[in-house]
Amino acid sequence: MNLNPVILAIPMYFTLMAVELIYESYHRRKSYRLNDAVTNISTGILQQLSGTFLTLLKIGLYVLLFEQVALFQLPQNGWTFALAMILWDLCYYWEHRMAHTVSLFWGGHVVHHQSEEYNLSVALRQTSTGFIWGLPFYLPMALIGISPEHFVLAGGFNLLYQFWIHTEHIKKMPRWFEAVFNTPSHHRVHHGRDPKYIDKNYAGMFIVWDRLFGTFKEEEERPNYGITTPLKSWNPVYANFAHYIDLFQWTRKARSAGDVLKILFNKPGWFPEYMGGYQAPESPKRGYQKYNELVNSGINYYIFAQFLLALLFNALYFFKQGSFDLSVKVTFALWIIFSTLMFGFLFEHKSPHLTWLEGLRLLGMPLLVYLLISSGFPLPGWTLVVASLIAVISLLAFLRFRAVKVAL
């Protein structure tokens, strides 16, 4: 039950992203922007971070149903795991479909569609709240006796499969493969914001569900990616709550409880006539420019270096957090959240307190090392000295780069 294929695959994720970047450099193509990719990965970090606190709660309900209510318990063998993979994807199809067609549920999935690019980093752009609406769709698997171990592994491997389909560099797979499985071509359609592509190709692994239930769409011209009302922010925490904030504002304007329920449970974009009526999705207008705040190149290099450094701390947390004291675990998690926020703040350069906030974040690195050593975690003493030096050097570099104006 402690085996998480998604966490174990982290080195593979970054290796394949590096391969994609090298390929793009060689062929002089570009689907990555630093601000977008960092935000994509940061939302994935937040999703996995929430999982380290909530997984027991989520899996606990499944285990309870499996042990107390299941009609029977299937044996754990290769055949039942294959069945679990098929059933998990079928449940995913309906969860995914409802997430696109119920506005409240869309708040738990929209994060994955906010990027206006399409590359492997987008696969990591995941929601921290989607499990609230999604878990009930998978509980029938417990009722028919799919073990919790098979349930967790099937979900993990399904998400691993979906990683590679987030690329523009694989045009088409063999025809038989395209007929059965989800592919980059099929999934590019799903990420398109063009009216003819919206709400199509929901499958995770098996595209046969879309063919069977009437939601399949073949890729024609290259899609425009993103959502119909762009987020216009690099803040990964705000990205997770932006749609819920909008829903709150919209429901406050509703004139009846019935209209509140319709706003929440009708498809995204539905409003009563006095609020403008249904807002049908439209393709981007000619000359549309993607959101892209300008910062000087020094700050970009600084953010990139600090992001890589933060990834080392994040990896330590994700692979070892099971051995942390609760106080250390919570402090570490807060630093990770703060770091993802800071990268967004730095890209947007809107806060007048960036220097103080970044100094506080940097101070957190030696503080975390000190807390780990104090709690008995096996780190050599010199790591505290190194972390302190890195924090000081980083702050001096930040002050130097911060003084440079953006070249317009």
Side-chain angles (χ1 to χ4, degrees), residues 1-9 47-48 50-102 104-106 108-109 112 126-165 176-177 179-183 186-187 190 201-216 265 318 321-322:
M1 293 297 294
N2 294 324
L3 187 63
N4 187 340
V6 176
I7 293 294
L8 295 177
Q47 188 247 6
Q48 290 298 316
S50 67
T52 62
F53 289 91
L54 298 173
T55 294
L56 289 179
L57 175 65
K58 293 185 289 184
I59 302 304
L61 179 58
Y62 187 95
V63 171
L64 180 64
L65 290 178
F66 175 77
E67 292 179 346
Q68 302 297 327
V69 189
L71 301 175
F72 40 78
Q73 295 188 3
L74 298 175
Q76 295 190 51
N77 55 41
W79 290 107
T80 54
F81 181 66
L83 176 64
M85 290 288 291
I86 294 170
L87 291 178
W88 203 98
D89 199 60
L90 176 60
C91 294
Y92 176 84
Y93 170 87
W94 285 107
E95 181 224 335
H96 196 182
R97 183 167 176 172
M98 291 302 101
H100 278 257
T101 53
V102 176
L104 180 61
F105 297 175
W106 177 236
H109 181 64
H112 184 59
Q126 298 293 333
T127 172
S128 297
T129 65
F131 75 93
I132 300 171
W133 323 115
L135 181 59
F137 289 90
Y138 300 91
L139 297 182
M141 293 178 63
L143 299 180
I144 64 170
I146 299 295
S147 72
E149 289 80 8
H150 280 178
F151 170 73
V152 171
L153 288 174
F157 283 116
N158 191 286
L159 292 178
L160 290 180
Y161 178 89
Q162 291 186 54
F163 180 76
W164 76 279
I165 61 178
W176 68 268
F177 196 94
V180 177
F181 294 99
N182 202 3
T183 65
H186 298 329
H187 205 58
H190 180 70
N201 298 0
Y202 295 114
M205 182 177 292
F206 302 111
I207 201 67
V208 291
W209 307 127
D210 289 283
R211 297 182 186 276
L212 180 63
F213 297 119
T215 52
F216 177 73
F265 293 99
F318 286 120
Q321 52 87 21

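For Trp133, the side chain to side chain contact (heavy atoms under 4.5 Å, CB included) test picks out Leu104, Phe105, Tyr244, with sequence neighbours left out. Phe131 is linked by a ring pair (Phe, Tyr, Trp, His ring centres under 6.0 Å) to nothing, counting only residues two or more places apart in sequence or in another chain.
Taking every heavy atom of both residues into account, Asp89 and Ala203 meet most closely at OD2-CB, 4.4 Å. What you find for Ala142 and Ala70 is that their closest heavy atoms are O-CB, 3.3 Å. Nearest approach of Gly134 to Glu95, heavy atoms of both residues: CA-CG, 3.6 Å. Contact detail for Asn77 and His150: the closest heavy-atom pair is O-CE1, 3.5 Å. Listed here is the closest heavy atom pair of Ala179 and Val208: O-CG1, 3.8 Å. Across all their heavy atoms, Asp210 and Asn201 have their closest contact at OD1-CA, 3.3 Å.
Only one option out of Phe137, Tyr202, Trp209 pairs with His96 in a side-chain contact (heavy atoms from CB on, under 4.5 Å); it is Tyr202.
The six-membered or imidazole ring of Phe216 lies near that of His186, with a centre-to-centre distance under 6.0 Å. Checked against a 6.0 Å centroid threshold, the rings of His190 and His100 count as neighbours.
To the nearest 0.5 Å, atom CD1 of residue Ile146 and atom CD of residue Gln76 are 9.5 Å apart. Remark: Ile144 CD1 to Gln73 CD distance equals 12.5 Å, nearest 0.5 Å. Once rounded to the nearest 0.5 Å, the distance linking CD1 of Ile207 with OG1 of Thr215 reads 7.5 Å. Rounded to the nearest 0.5 angstrom, Phe206 CZ and Asn182 CG are separated by 10.5 Å. Taking CG of Leu83 as the start and CD1 of Ile86 as the end, the distance is 6.5 Å to the nearest 0.5 Å. From Leu54, atom CG reaches atom OG1 of Thr129 across 11.0 Å, with rounding to the nearest 0.5 Å.
At least one side-chain heavy atom of Tyr92 sits under 4.5 Å from a side-chain heavy atom of Tyr138. The side-chain heavy atoms of Tyr62 and Met141, taken from C-beta on, include a pair separated by under 4.5 Å. For the pair Met205 and Asn158, the minimum side-chain heavy-atom distance is below 4.5 Å. Counting heavy atoms from C-beta outward, Phe213 and Trp94 have side chains that approach closer than 4.5 Å. Side-chain contact between Tyr161 and Phe181 is present, with at least one heavy-atom pair separated by less than 4.5 Å. Contact annotation: the side chain of Phe151 approaches that of Ile59 to within less than 4.5 Å [non-hydrogen atoms, C-beta and beyond].
Using modelled atom types, one side-chain atom of Thr80 and one backbone atom of Pro75 make a donor-acceptor pair closer than 3.5 Å.
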